[in-house]
Amino acid sequence: MEKNRAQWGSKIGFILAAAGSAVGLGNIWKFPGRAYEGGGGCFLLIYLGMVVLLGAPLMLSELSVGRASQTNIVGTFRKLGHPCFSWVGWMGVTGAFIITCYYSHVGGWVLRYVVGYAAEAPKIYGDSLGYFYEMLGLHADGAASFPWLTLLFAGIFMAVNAVVIIRGVESGIEKFNKVGMPALFILLLVLLTRAVTLEGAKPGIEYMVSLDWSKVTFDTFLAALGQAFYSLSIGMAIMITYGSYLPRTENIARNTGLICAMDTLVAVLAGFIVVPAVFATLGAEQIGKGGGFAFVSLAKVFQQMPGGTFFGVLFYLLLLFAALTSCMSLVEGIVAFLTEHFAWPRKATTIAVCAAMFAIGCLYTCSQAAYPIKGVWFDAANGVSFPAFCDAMEFLTDRIMIPVCALGSCLFVGWVWKPEKAVAEIEQNGVRFALAKVYTVIIKYVAPVAILTILVMSFATGMTLS
């Protein structure tokens, strides 16, 4: 560990922080819909396979190079003797910056819904779609207004992140996750108990454990691959940064398994909350995924559920914790790079970066509905197009920056730094890595092909894989 450099205070602190980074909004509002579309239990099995075969080896690689270098993501490739690969670090930091610009605002939406269900649930139930659009500045009569209140909530969300990051790794991120992650699991268990005990929930539970292979197609495997890949915070400057704070005494292979298991458990529990609840209240055909489903469709579920308003508050608190733990890991990757690369002070850097990301993110929120702010995009399915600025931001990170960054890390470990050095790092302090040969094959051949598949299919079909 470099002198005076931050370090995790405890093993559990690191595991909870890394799991908190991996556990994000996608685990809770995308996974259930994908599981339903992919045949319930069939999708669960395929997803678990993708996590084991692809997600875990990629995370292990990033943690290995991070701990070996003991520096930020750009410095990692330079310090390990291959500065030509520093572009991977630059892309990771840039991608994390753009993601945080919009992720922080979605976190603000979630915070507003926590308050909304607590203070004005009947208004949400009365017109859930209208409430959502009004939050974004588009009113029922078609008039647009600047969404001041929504932006205020996003500002509060970002300010919480800034306060935690300023306090540092051990006193800030680690302490927050020691509270936030247990709270998240408690909320999951409370909501799970409510969902599976609803009258009419049994068919949903049975569907989630059934094996309906008739619904499984190539797209199912691709969706599971994308879900596993993006869910684990790969290619975002996070795991290399978090790994760089680890002491040599930590068993990173075992820790990787624990982190992946916790992340997967959250996704699976979310599936067993959302799918049975929708079966019991609206019918299976109403199950969807993404923000529109979480903010609009689920309002009807809570409206019909006994004690629904209370459980609505709990559900959005669950989303809030997931958003916070993920967002602060993104901010930490950026701040760690800037403070180490340019020797800038941590407090001033954090405030400046968070303010800049919040300001750019305002365009994301405003372009959702109220204002016709456009971006530009190209894919084989649609050619040159001018989607809403909010969509263009997500396309850029999800379809290009994250997979390209992950591919670069994979090629670096597999062909430049070499898997032997990664295995030697994993086996520090007398640890024996029994799967070294399997890991080598995956990181050299299987993972690069899988990532290239994501890239090619994304551009060939215009589909969103995140």
Side-chain angles (χ1 to χ4, degrees), residues 2 5-6 8 17-18 20-22 24 62-63 65-66 69-79 86-108 154-155 157-174 176-177 230 232-245 323-364 393-394 396-398 400-402 404-406 408-409:
E2 289 188 348
R5 194 164 190 276
W8 298 109
S21 170
E62 294 202 354
L63 290 175
V65 296
S69 69
Q70 301 285 280
T71 189
N72 62 80
I73 185 171
V74 175
T76 287
F77 299 98
R78 293 177 177 173
K79 188 170 182 178
S86 62
W87 66 267
V88 179
W90 283 100
M91 181 168 286
V93 170
T94 305
F97 183 92
I98 297 172
I99 292 169
T100 310
C101 288
Y102 61 78
Y103 204 92
S104 61
H105 278 254
V106 177
F157 180 89
M158 181 55 89
V160 172
N161 279 273
V163 169
V164 173
I165 298 301
I166 288 171
R167 291 178 61 84
V169 175
E170 183 180 354
S171 298
I173 299 171
E174 184 173 339
F176 181 89
N177 280 280
Y230 292 105
L232 294 172
S233 297
I234 305 299
M236 303 183 205
I238 296 173
M239 290 304 165
I240 290 178
T241 303
Y242 274 18
S244 72
Y245 299 139
L324 280 169
T325 54
S326 292
C327 192
M328 63 182 56
S329 66
L330 289 163
V331 178
E332 175 60 27
I334 300 164
V335 170
F337 162 67
L338 293 174
T339 54
E340 293 175 13
H341 190 79
F342 298 106
W344 293 350
R346 185 176 183 90
K347 182 176 180 179
T349 300
T350 301
I351 293 172
V353 167
C354 288
M357 291 187 292
F358 167 76
I360 296 171
C362 289
L363 297 175
Y364 177 85
M393 290 180 75
E394 295 184 33
L396 178 62
T397 55
D398 293 0
I400 298 180
M401 303 188 80
I402 294 175
V404 169
C405 182
S409 297

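- Side chains of Ser21 and Ser233: a donor on one and an acceptor on the other come within 3.5 Å.
- From Met158, atom CE reaches atom NE2 of His105 across 7.0 Å, with rounding to the nearest 0.5 Å.
- The shortest side-chain heavy-atom distance between Asn177 and Met328 falls under the 4.5 Å cut-off.
- Nearest approach of Gly243 to Gln70, heavy atoms of both residues: O-NE2, 4.4 Å.
- Rounding to the nearest 0.5 Å gives a distance of 7.0 Å between CE of Met357 and SG of Cys327.
- Between Ser409 and Glu62, the shortest heavy-atom distance links the atoms OG-OE2, 3.9 Å.
- With a 4.5 Å cut-off on side-chain heavy atoms, Trp87 and Val404 count as touching.
- Two residues are said to be in side-chain contact when any heavy atoms from C-beta on lie closer than 4.5 Å; Phe176 and Thr325 meet this criterion.
- Comment: Glu332 engages Arg346 in a salt bridge, judged by a side-chain N to carboxylate O separation of less than 4.0 angstrom.
- In this pair, Tyr245 and Tyr242 present their aromatic rings tilted. The plane angle is within the 30 to 60° band.
- With rounding to the nearest 0.5 Å, the separation of CD1 in Ile334 from CD1 in Ile165 is 9.5 Å.
- To the nearest 0.5 angstrom, Ile73 atom CD1 is 5.0 Å from Cys405 atom SG.
- For Thr76, the side-chain hydrogen bond (donor to acceptor under 3.5 Å, both in side chains) criterion is met by Ser69, not counting sequence neighbours.
- Side-chain contact between Phe358 and Phe157 is absent, with no heavy-atom pair separated by less than 4.5 Å.
- Contact annotation: the side chain of Thr397 approaches that of Tyr102 to within less than 4.5 Å [non-hydrogen atoms, C-beta and beyond].
- The backbone N or O of Ala323 lies less than 3.5 Å from no partner atom in the side chain of Ser326, so there is not a single donor-acceptor pair.
- A 4.5 Å side-chain heavy-atom check between Asn72 and Thr241 finds every atom pair outside the cut-off.
- When side chains are defined from C-beta on, Thr71 does not count as touching Ser244, because their heavy atoms never get closer than 4.5 Å.
- Annotation: side chain of Val65 is not in contact with side chain of Phe77 (no heavy-atom distance under 4.5 Å).
- Residues Val331 and Cys354 approach most closely at CG1-SG, 4.0 Å, considering heavy atoms.
- Nearest heavy atoms, Ala356 versus Phe97: CB-CZ, 4.3 Å.
- Here the closest heavy-atom approach between residue Leu232 and residue Ala22 is recorded as CA-CB, 4.0 Å.
- Remark: Ser104 OG to Ile99 CD1 distance equals 11.5 Å, nearest 0.5 Å.
- A distance of 13.0 Å separates OH of Tyr364 from CD1 of Ile98, quoted to the nearest 0.5 Å.
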